[in-house]
Amino acid sequence: MLRIPRVAGARMASRSLATSASDLVSISLPQDSFEGYNLDSLPELNFETEKESLLKMYKDMIVVRRMEMASDALYKAKKIRGFCHLSVGQEAIAVGIEHAITPQDTIITSYRCHGFAYMRGASVKSVLGELMGKRSGVSYGKGGSMHMFAPGFYGGNGIVGAQVALGAGLAFAHKYRGEKNATFALYGDGAANQGQVFESYNMAKLWDLPCIFACENNKYGMGTSASRSSAMTEYYKRGQYIPGLKVNGMDILACYQASKFAKDWCALGNGPLVMEYETYRYGGHSMSDPGTTYRTREEVQHMRSRNDPIAGLKAVLLDLNIATEDEIKAYDKAARKYVDEQVVEAEADAPPEAKMEILFEDVYAKGSEIPELRGRISDDTWNFEKNDFSNHVY
Amino acid sequence: MSKFSSVAKTAHLAAARTNRFAAAAANPAAVSALRMASGASGPKSMTVRDALNSAIAEELDRDDDVFLMGEEVAQYNGAYKISRGLLDRFGERRVVDTPITEMGFTGLTVGAALAGLKPICEFMTFNFAMQSIDHIINSAAKTLYMSGGTQPCNITFRGPNGAAAGVGAQHSQCYAAWYGSIPGLKVVSPYSAEDYRGLFKAAVRDPNPVVFLENEIAYNDVFDVSEEALSTDYVIPFGKLKVEREGTDITLVSHTRNVLHCLQAAEQLEKDYGVKAEVLNLRSIKPLDVPGIVESVKKTGHLVTVEAGFPAFGVGSEICAQIMESEAFDYLDAPVERVTGCEVPTPYAKELEDFAFPDTEIVMRASRKVLGL
């Protein structure tokens, strides 16, 4: 049974309006924004934040959305190859987390990673460039959609569930170094059943690692609904001996508050936390999946029209007089223009040159390569000392 | 002499196994006498265990980013006592006991390496690392490439590889060929105490993921160690084999404890036939020192490879292919013979297990075949 979050407009009654003299606004989140598991306290429903932050959140979400939609178009135009997993509808999570943390905190996720890569500092051009296999792409065209990295962002991982154990390792490193930072290790409802997720829970709890195990529950693991894959679909409770927090993942402000709560939880040395961001993807699992064979169009339309994170924040901005309808239209237009420009620039960039020295680059760290790597035939053996083919006498 | 008669001769010798090495194996002193010192004979001798223990301790001491993680490494002092005393010396932060969750803790150590630390991830044996292999290959080996060179992973995976004695099929496999095929990994397989020290230190300091294949039986083996090898900065570069014994008539190339069988066979070949065998200790599986093998084959014209792994798609297969693709092909006077583990899941009963892995007798048989003796 799909849980339908309350419509954004219902928040109006409990809001206090911002005045132009103050930079702060008071937010009151709906009662059902959070659910806890073995948690003594939940994130505050009422909090203050700067107007500028809300505007930035809005602008970030619309850029992410535009970027993902541009990727959709480029894929259909056959300018992107292979896999492409889009996060349209799930923007509130990547944006909400980034606003709640610092650049020194760390994030790792699965292949649905473009929004996170952007929020962690990769330019739209470098994300699109990577998708199109350009040398100017974030991974120099060597990785593709699923393997994007940025400072404090460890991908972009293709093997379902692997990122969770890696994430526990990132948290281990924070603790090892005596840092007060936290790691968000994100995974989907499909990945939540992986054995290594539970192995990671165990070690994180045993060693008090500052790891936030965050399930982006978008209800479907590829074509399999959560109820068909999981004997227990309350993913925030799966940590059993680890406290859990569920949040409405379509509400950016709730995401922000919950993420902040989680970060503080870890920074205070409470060990790990399991989170569940309840969210929805409008698109299919990937560009190869229409997303309509295992769910109804009505369901998708309903989520889009009643629970869209961008529309939700827009309503808040209008309610609180932080921006006018015209100003928001202008932001939308600016984001569209910006992304369109980045598309043009990325498209114009060159792919990696079809040269063997580039093919063989980065198999090993520069300066520590093994003497030779073989191409498709023995003649095409590349010698790193010569920076040329070996040209062995046969 | 017809090929048929020489085969018949060797078969006869195999059937009448004199087990002349059984006595030697029972007498450690005799075995030591047979063993060539790896390096100039120095004032010290040490077990492989102590060589590894000291190397790990020195690397922990040298760099705070280095830590050891694995099952029983801390309080138990190591399943095979390799990490004896390390918890006492370095504390819980640097020497970490894990639950029995290979996939999880391997992923965790790789994640720590991505974050810039330098983990030593111990597997109680590499058989258990099959549960972790996705992280070794997909998370560690390939990440630098997929990230366009922006995300390095400095990690050392270590543990016993190959057979022990009587531990059965699930605990006896050699993984040198599997890991050796992966671009992005480096794979080393030490033989002597000096090898263990120098290659291990090089592995920890290497910025790439390194698979360090040990041998459980070897832990008790004693070797002379040179003064140089005792230095805390003693590193052996990867990709260079060591000529353990010089020769002119046949090349015996091997890695890990099989080098001993080659040395013993070389001794016996000289006694029985006056044949001077050259024994090569590969030390490094990836990169493989093909030029070193080629140089030897050009001298001797005959080659036998010796490994404990399964015959199909193995280290010996790779060496054969490389030799055939090189100028050494023209110098071969006979086809290369591979001595490998037997193509069976390792049996338990000793009488059968003795057929499962190379020994000195089988290296002799292969050598006689190649030389036409």
Side-chain angles (χ1 to χ4, degrees), chain A residues 106 108 130 135 137-144 146-150 154-159 162-174 176-177 183 185 195-200 202-204 206-207 209 360-368 370-373 378 381 392-394, chain B residues 64-65 67 69 93-94 96 98-99 101-117 119 131 134-135 138-139 141-154 183-186 206-208 238-239 284 286-291 294 321-322 324-327 329:
Chain A
T106 47
I108 191 168
E130 186 59 32
R135 186 70 170 160
V138 90
S139 297
Y140 296 86
K142 297 289 248 320
M146 299 182 286
H147 306 293
M148 300 193 182
F149 299 81
Y154 293 82
N157 289 277
I159 306 297
Q163 76 273 20
V164 180
L166 296 175
L170 299 175
F172 180 92
H174 282 313
Y176 188 88
R177 291 180 168 130
T183 300
Q196 60 185 316
V197 169
F198 295 91
E199 294 185 19
S200 304
N202 181 49
M203 288 182 290
L206 211 47
W207 300 334
L209 301 182
F360 288 117
E361 204 176 40
D362 305 323
V363 179
Y364 296 97
K366 259 193 187 41
S368 69
I370 63 176
E372 294 184 338
L373 282 173
S378 61
T381 298
H392 283 312
V393 173
Y394 183 84
Chain B
D64 187 65
D65 285 346
F67 67 93
M69 181 176 273
R93 176 174 167 265
R94 313 288 302 286
V96 185
T98 65
T101 52
E102 270 75 5
M103 194 171 189
F105 73 70
T106 308
L108 190 147
T109 50
V110 174
L114 297 178
L117 295 179
Q131 300 197 326
D134 177 63
H135 281 298
N138 280 325
S139 305
K142 297 180 183 172
T143 294
L144 183 72
Y145 194 82
M146 293 190 296
S147 66
T150 60
Q151 180 55 72
C153 183
N154 184 337
L185 281 183
K186 293 188 185 180
D206 193 302
N208 302 285
F238 296 167
S284 189
K286 190 176 199 70
L288 194 63
D289 187 0
V290 175
V294 167
Q322 293 280 355
M324 195 197 56
E325 287 173 0
S326 76
E327 52 178 334
F329 175 72

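Letters A, B, ... mirror the listed sequences (proteins, then strands); counts begin at 1.
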Practice task
Show your reasoning for whether side chain to side chain contact (heavy atoms under 4.5 Å, CB included) applies to A:His147 and B:Lys142.
Solution key: CA-CA 11 Å; A:His147 306 293; B:Lys142 297 180 183 172; over 6 Å; no

Practice task
Please lay out, stage by stage, how A:Ser368 and B:Asn208 fare under the test side chain to side chain donor-acceptor pair (under 3.5 Å).
Solution key: CA-CA 8 Å; A:Ser368 69; B:Asn208 302 285; 2.8 Å; yes

Identify which part of [X] has an atom lying under 4.5 Å from any heavy atom of chain B, answering side chain, backbone, both or neither.
X	answer
A:Leu206	side chain
A:Glu361	backbone
A:Ile159	side chain
A:Tyr176	both

Practice task
Taking all heavy atoms of B:Leu144 and all of A:Ala365, pick out the closest pair and write down the distance.
Solution key: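 The pair with the smallest heavy-atom distance is CD2-N, 3.2 Å.
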
Handout entry: Side chain A:Tyr364, main chain B:Leu185, donor-acceptor under 3.5 Å
Key =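 Side chain of A:Tyr364 to backbone of B:Leu185: a pair is present.
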
Practice task
Please round to the nearest 0.5 Å and tell me the distance separating atom OH of B:Tyr145 and atom OH of A:Tyr140.
Solution key: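 If I round to the nearest 0.5 Å, the distance is 14.5 Å.
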
Practice task
Tell me, with the steps shown, if A:Glu199 and B:Leu108 meet side chain to side chain contact (heavy atoms under 4.5 Å, CB included).
Solution key: CA-CA 10 Å; A:Glu199 294 185 19; B:Leu108 190 147; over 6 Å; no

Exercise for the section: Check the surroundings of atom CZ in A:Phe149: do more than 12 heavy atoms from other residues, nucleotides or ligands lie under 6.0 Å from it? Expected result: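 More than 12 within 6.0 Å, yes.
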
Practice task
Among B:Val110, B:Thr143, B:Thr106, find the residue that satisfies the side-chain contact (heavy atoms from CB on, under 4.5 Å) test when tested with A:Leu166.
Solution key: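 Of the listed residues B:Val110, B:Thr143, B:Thr106, the side-chain contact (heavy atoms from CB on, under 4.5 Å) partner of A:Leu166 is B:Val110.
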
